[in-house]
Structure formats: C-alpha cells, structure tokens
Amino acid sequence: MIKTIDWTGDGVRMIDQTKLPAVEEYPVFRTFEEVAEAIRTMVVRGAPAIGVAAALGMALGMKRSEAGDTAQAAADFRRIADTMAGTRPTAVNLFWAVERMTRRFERLLEDGADLDAIREGLVAEALAIRDEDIESNRRMGRLGQELLPSSGTVLTHCNAGALATAGYGTALGVIRAAVEHGKRLRVLADETRPFLQGARLTAWELWKDDIDVRVIADNMAGAFMRQGRVDAVIVGADRIAANGDVANKIGTYTIAVVAARHEIPFYVAAPTSTLDLSLATGAEIPIEERDPSEVTRFAGVRVVPESVTAFNPAFDVTPNDYVTAIITERGVARPPYGPSLAALAG
Ligand code: MRU
C-alpha cells in the first residue's frame, strides 16, 4: 500500500503529490510550519489525509516546543493548532483532527502529565487517527462494494484514494474492495482540472494496483453517460452537511446532475469524520478559493492571455437529492439524510 503519510520519530514523511506521477518522492517535514505549508500547497491533499497530516504536524510541533512549563506548552499548542486550522477551509476532517488533538492535550493537562508524557501522548493520538483512518476505509470498502455492479464502468472525480487518506482510500477504497471481491470493473477517472488529481493521482495509484483505469477530460463525462458507458459514479467528500448536501472537488455537482439525468447511481464514500452535522445545509460550507494561477497555467505554462485572470473555487456543493447513498465506515446512509446521517453519527 502507498505510504501517503508516515511518522519518522522526529518528522512527518509524506509523498509529494505535486510531483506525481513524474517523480515519486517522500520528503520529510521537520517543523509544524513545514507541515502546514505542505497542506496549503497540496503536497498532501484529500480530506482525511489533511486531517492526519495536521494531527502529526501538531504532535511534531509539540515535540519540538521548547516550553519549560505547562502554561508555555499550552500557549505553544494553541499557536500550532491555529496554524493548522488556517491552512485549508473546506475539508472538515482538518478541524475534526485539530479538535481531537486538542481534547487529548487538555486531558493530559488535567491528568497532570509532565511535558514528556504530553509529547508522547500527542504522538500516540496522531498515530491512532492515522490507523483508524485506514481501518475505516477498509470497512467502508467492505460495505460499499456491495453497491457496485459485478461488472461495468465506474466513474470517479478527483482523487479519493490511498493518496487522499492514510491508506486504501474512500471512493477508491470501495472500488478496490469490489475488485478484491472479484468484480470486473473499469474506472473512468475525470482528469479534474485545474490540479489534475484524477489524471495525475487516481490514474497513478490505480495503475500501481493493476486496476483498469482510463482518464477522460472533465468535459467528456456527460457524453460518456449519455452513451451508456458509465454504470455508477463514486466520489469522496470534504464536508457533508446534516441534510446530506456534499461538498467535494469542483466539478462534482456537474457530474451528479448528469448522472441523475441518466438514472446512473451517484455514491459518496466518506468517513464519519467528514460529517458536519452542525451545518444544516451545504450552503453554509465554506468554499476555498485558490490562486487563479492554478487555472491560468497548465503544467507551469500560461494558457490564458496575460491580461485575463480566472476564478478558482476548489469545491462545489452537490444537493442531497442527487446523492443515491452515502457510504461511511458505520453503515450506508440513504435518503432522507437528516435522520440516516444523525443515526450513523450516533
Ligand atoms: O483539493 P483536494 O485535492 O484536497 O480535494 C480533494 C477532494 O475533493 C476529495 O474528493 C475529498 O477530499 C475526498 S478524499 C478521500
């Protein structure tokens, strides 16, 4: 399995996703600021992976903190947590991980732990978040694979695979599990402009696993569906509101609408750490706006006239009525999502 994120004992090792597929490189990030910058610049990306990276970055920050007492340690912890929370706004897994690390830190303080015990406790919590992520992806895979046909073509958007998580993947985890069960599936990967997560990352990791994958440009998906060449769609999510509205990579909404038009099932696979039941609808989900240069340039080359700029919203929201089912590690939610997601969130 691809090692997306690892703890080295004094740093966080991550595969550099900005360089794939041309170069497979695993740099080590040695300060929490470096980890935060890696999240911002999408060296590591994908909602669950961002959460794991933030948690390990926080543990790293406290390991390197020179605080001499717990009051100073608490101030350092706050600064590190705020830095992590300020990296990317849409994926709720980031804030979920920061909160979980904060709860652990507060419990350690309440228990009177010394600074060494605090540092060890935070590393243990971050590693638990990582291990639980892999485990929940495998469970999601087992539950979700039953929804996919025994043979056919599954379309996916962006990268919701091993690279977007601590391992195995959410949407791609479901596809992996289906293939492991003997289903004969072909994957259509949308290239996913502007960052090309589909063309660069989904294609790379499925190819590595010997799973049949072809890339299409984003604007081809509708025609493929109309021609009957797509049997199911499965995507990941960055945040799911209480009513089942789903924020995911920009372009997901378009695919969901066309899938509904052609009565193709549209599945979302996401761990319960992606649920944000504090938000009534997707309209409240903050959408990250990234640098226009990601759109005006292609592979570093400017493709838009110098005097013209671009919009670059990184995510969109798919209304719940386009979503056939939401697959989580605790079970499969069906409409109406208000009660079914609340039951899974427990
Ligand atoms: O901007 P990115 O690459 O972080 O966006 C990733 C996505 O939109 C994924 O589909 C989502 O995070 C789910 S990953 C399991």
Side-chain angles (χ1 to χ4, degrees), residues 2 4-5 14-18 20 38-54 87-97 130 133-134 136-141 144 155-176 187 189-202 204-206 218 233-240 246-256 266-276 282 285-291 294-295 312-318 323 326-329:
I2 300 158
T4 311
I5 310 179
M14 297 189 277
I15 187 166
D16 186 342
Q17 301 194 31
T18 63
L20 286 171
I39 296 173
R40 226 175 268 120
T41 56
M42 292 167 68
V43 165
V44 61
R45 32 66 49 202
I50 293 171
V52 174
T87 51
R88 296 191 73 190
T90 304
V92 77
N93 309 61
L94 171 72
F95 306 97
W96 172 88
R130 181 197 63 179
D133 183 58
I134 298 172
S136 81
N137 290 338
R138 290 202 177 269
R139 278 206 297 271
M140 231 180 286
L155 182 138
T156 190
H157 189 65
C158 194
N159 172 267
L163 290 166
T165 61
Y168 202 67
T170 58
L172 296 193
V174 171
I175 290 171
R176 280 197 168 90
V187 178
D190 284 347
E191 67 173 349
T192 319
R193 274 282 284 155
F195 204 71
L196 304 179
Q197 289 94 331
R200 299 189 302 107
L201 309 178
T202 294
W204 183 76
E205 68 164 89
L206 292 181
D218 297 331
V233 177
I234 185 161
V235 296
D238 286 81
R239 199 185 287 231
I240 301 174
V246 174
N248 191 49
K249 180 53 53 193
I250 190 78
T252 303
Y253 168 65
T254 318
I255 293 160
F266 179 91
Y267 300 116
V268 174
T272 47
S273 54
T274 305
L275 300 179
D276 185 353
I285 298 175
I287 301 295
E288 177 181 14
E289 189 73 36
R290 291 186 64 84
D291 196 312
E294 289 178 354
V295 175
N312 190 11
F315 301 96
D316 60 25
V317 174
T318 298
V323 180
I326 298 176
I327 303 152
T328 77
E329 79 282 13

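The first residue in the sequence is number 1, and the count goes up from there. Just so you know, ligand 1 is whichever comes first in the structure, and atom 1 is the first atom listed for that ligand.
Under the 4.0 angstrom criterion for non-hydrogen atoms, Phe315 is in contact with ligand 1. At least one heavy atom of Ala237 sits less than 4.0 Å from an atom of ligand 1. For the pair Pro48 and ligand 1, a heavy-atom separation below 4.0 Å is found. The closest approach between Thr170 and ligand 1 falls below 4.0 Å for a heavy atom of the residue.
Of all atoms in ligand 1, numbered sequentially from 1 with element shown, those under 4.0 Å from a heavy atom of Arg88 are 1 (O), 2 (P), 4 (O). Each of the following atoms of ligand 1 lies closer than 4.0 Å to a heavy atom of Asp238: 7 (C), 8 (O), 9 (C), 11 (C), 12 (O). Each of the following atoms of ligand 1 lies closer than 4.0 Å to a heavy atom of Ala164: 14 (S), 15 (C). Of all the atoms in ligand 1, the ones that sit under 4.0 Å from a non-hydrogen atom of Lys249 are 1 (O), 2 (P), 5 (O), 8 (O).
The side-chain tip of Arg239 does not point at the ring of Phe315 from less than 6.0 angstrom away and within 45° of straight on.
Here the protein heavy atom with the shortest distance to atom 9 (C) of ligand 1 is Asn248 OD1, 3.4 Å. Summary of contacts: the protein heavy atom closest to atom 12 (O) of ligand 1 is Ala47 N, 2.8 Å.
Gln17 places none of its side-chain heavy atoms less than 4.5 Å from the side chain of Arg200.
Contacts between Met42 and ligand 1 below 4.0 angstrom, taking non-hydrogen atoms only, involve the side chain exclusively. When heavy-atom distances to ligand 1 are checked against a 4.0 Å cut-off, Ala270 has no atom that comes that close, whether in backbone or side chain. In Gln197, the part holding a heavy atom less than 4.0 Å from any atom of ligand 1 is the side chain. If you look at Ala160 next to ligand 1, the close heavy atoms, those under 4.0 Å, come from the backbone and the side chain alike.
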Worksheet item: Step by step, would you call Gln197 with Thr202 a side-chain hydrogen bond (donor to acceptor under 3.5 Å, both in side chains)?
Response: CA-CA 6 Å; Gln197 289 94 331; Thr202 294; over 6 Å; no
Item to complete: I would like to know whether Ile2 and Leu163 meet side chain to side chain contact (heavy atoms under 4.5 Å, CB included); could you show each step before the answer?
Response: CA-CA 7 Å; Ile2 300 158; Leu163 290 166; 4.0 Å; yes
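Defined by atom type and a distance below 3.5 Å, a donor-acceptor pair is missing between the side-chain atoms of Thr192 and Asp190. Looking at Ser273 and Asn93, their side chains do bring a donor and an acceptor atom within 3.5 Å of each other.
For the atom pair CD1 (Ile250) and CZ (Arg193), the distance works out to 12.5 Å, reported to the nearest 0.5 Å.
In terms of modelled atom types and a separation under 3.5 Å, the side chain of Glu289 and the main chain of Asn312 share a donor-acceptor contact.
The shortest heavy-atom contact between Asn159 and Ala164 is O-CB, 3.3 Å.
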